[in-house]
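As structure tokens, the structure follows; a few thoughts come after it.
Everything quoted here is computed from the prediction, not taken from an experiment. We use all heavy atoms of the structure for the numbers below, so side chains are in, but hydrogens, waters and symmetry mates are not.
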Amino acid sequence: TYDLLGLPPTPAEIQDFLDDPAPNAYEKAVDRLLASPRYGERWGRHWLDLVRFAETGGHEFDYDIPYAWRSRDYVIRALNADVPYNQFAVEHIAGDLLETPRRDPVNGRNESVVGTGFYWFGQGKHSPVDLRAEECDTVDNQLDVLGKTFLGLTIACARCHDHKFDPITTHDYYALAGFLQSS
């Protein structure tokens, strides 16, 4: 329970496990834990750290990010629904462009498009002085999160120069920035 849910077992859960004589008692307990909504909450925290989830802009006046919870809840639902990683990644990177998006089986909501919300987490200024520079900084942050989360690479340094160790050129950086800026 600590590993899968981050919570201690209740006394009743311990007793139920100890009283179960079945040879697959351990497997049943694991299945029960994986079916718990707490599973997605526990493991979603790690993913939300990668994509810099926050409910506020974190700068100057620390204003709220409206509806940030939708992205958090999307991650929890996806983990609890055992969405394959490749689908999860596609939904994050381009969930708004999918011809056949994944739909919530309960209410029919487009789940795929919600994945793209991660692009908007990051430091934001209340009233930037230079709007063009702020837009460039926002796109730079989006590229940094995209590269670190999905490629395991720091590509933000290619904003100023070709990447020293990885084959990421300034040309590549601005090509990716163009995609994000036009979205």
Shortest non-hydrogen separation from [X] to [Y] and the atoms involved:
{"X": "Leu98", "Y": "Val90", "answer": "CD2-CG1, 3.5 Å"}
{"X": "Ala78", "Y": "Arg102", "answer": "CB-NH2, 4.0 Å"}
{"X": "Pro8", "Y": "Thr1", "answer": "C-OG1, 3.6 Å"}
{"X": "Pro128", "Y": "Leu131", "answer": "CG-CD2, 3.7 Å"}
{"X": "Ser182", "Y": "Phe179", "answer": "OG-O, 3.1 Å"}
{"X": "Ala68", "Y": "Ala54", "answer": "CB-O, 3.7 Å"}

* Asked: Going through the distances and angles, do Val75 and Phe88 end up as a side-chain contact (heavy atoms from CB on, under 4.5 Å)?
  -> CA-CA 9 Å; Val75 169; Phe88 189 64; 4.3 Å; yes

Side-chain touch [X]/[Y], heavy atoms, less than 4.5 angstrom:
{"X": "Pro101", "Y": "Arg103", "answer": "yes"}
{"X": "Lys148", "Y": "Leu50", "answer": "no"}
{"X": "Asn141", "Y": "Thr138", "answer": "no"}
{"X": "Arg159", "Y": "Asp137", "answer": "yes"}
{"X": "Ile65", "Y": "Glu55", "answer": "no"}
{"X": "Leu5", "Y": "Leu33", "answer": "yes"}

- prompt: Does the ring centre of Trp47 sit less than 6.0 Å away from the ring centre of Phe53?
  reply: no

Please confirm whether the backbone N or O of [Y] pairs with a side-chain atom of [X], one donor and one acceptor, at under 3.5 Å?
{"X": "Asn80", "Y": "Gly40", "result": "yes"}
{"X": "Asp130", "Y": "Arg132", "result": "yes"}
{"X": "His163", "Y": "Thr154", "result": "yes"}
{"X": "Thr116", "Y": "Val113", "result": "yes"}
{"X": "Arg42", "Y": "Asp3", "result": "yes"}

Practice problem: Give a yes-or-no answer on whether the side chains of Tyr173 and Asp140 include a donor-acceptor pair shorter than 3.5 Å. | Solution: yes

message = Please tell me whether Asp162 and Thr170 have a donor and an acceptor in their side chains that are separated by less than 3.5 angstrom.
response = yes

Cation-aromatic face contact Arg70/Tyr67, 6.0 Å, 45 degrees |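 Cation-pi check for Arg70 and Tyr67: passes.
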
Answer with yes or no whether the hydrophobic clustering places [X] together with [Y]; edges join I, L, V, M, F, W, Y residues whose side-chain heavy atoms lie under 4.5 Å apart.
{"X": "Phe118", "Y": "Leu180", "answer": "yes"}
{"X": "Leu34", "Y": "Tyr26", "answer": "yes"}
{"X": "Trp43", "Y": "Tyr85", "answer": "yes"}
{"X": "Val51", "Y": "Val83", "answer": "yes"}
{"X": "Ile155", "Y": "Val145", "answer": "yes"}

Point-to-point distance, once rounded to the nearest 0.5 Å, from [atom1] of [X] to [atom2] of [Y]:
{"X": "His46", "Y": "Leu48", "atom1": "NE2", "atom2": "CG", "result": "10.5 Å"}
{"X": "Leu7", "Y": "Tyr2", "atom1": "CG", "atom2": "OH", "result": "9.0 Å"}
{"X": "Gln87", "Y": "His92", "atom1": "CD", "atom2": "NE2", "result": "11.5 Å"}
{"X": "Thr169", "Y": "Tyr174", "atom1": "OG1", "atom2": "OH", "result": "11.5 Å"}

**Asked** Heavy-atom count around His171 NE2 within 6.0 Å, excluding the residue itself: above 12?
**Response** no

Name the residue from Glu111, Glu91, Arg109 that meets the side-chain hydrogen bond (donor to acceptor under 3.5 Å, both in side chains) definition with Tyr74.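 Only one of Glu111, Glu91, Arg109 forms a side-chain hydrogen bond (donor to acceptor under 3.5 Å, both in side chains) with Tyr74, namely Glu91.
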
Is Asp16 salt-bridged to Arg32, going by a charged N under 4.0 Å from an acidic O?
->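 No.
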
Across all chains, not counting sequence neighbours, the side chain to side chain contact (heavy atoms under 4.5 Å, CB included) partners of Ile93 are Tyr119, Leu146, Phe150

Tell me, please, which residues at least two apart from Asp49 pass side chain to side chain donor-acceptor pair (under 3.5 Å).
->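 Listed in chain order: nothing, the list is empty.
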
| With sequence neighbours left out, which residue pairs that include part of residues 167-183 fulfil the salt bridge (charged side-chain N to carboxylate O under 4.0 Å, His left out) condition? |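 Qualifying pairs: none.
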
_Using salt bridge (Lys or Arg N to Asp or Glu O under 4.0 Å), reason through Arg52 and Asp144 one step at a time and then give a plain yes or no._
CA-CA 11 Å; Arg52 298 181 186 168; Asp144 189 42; 2.6 Å; yes

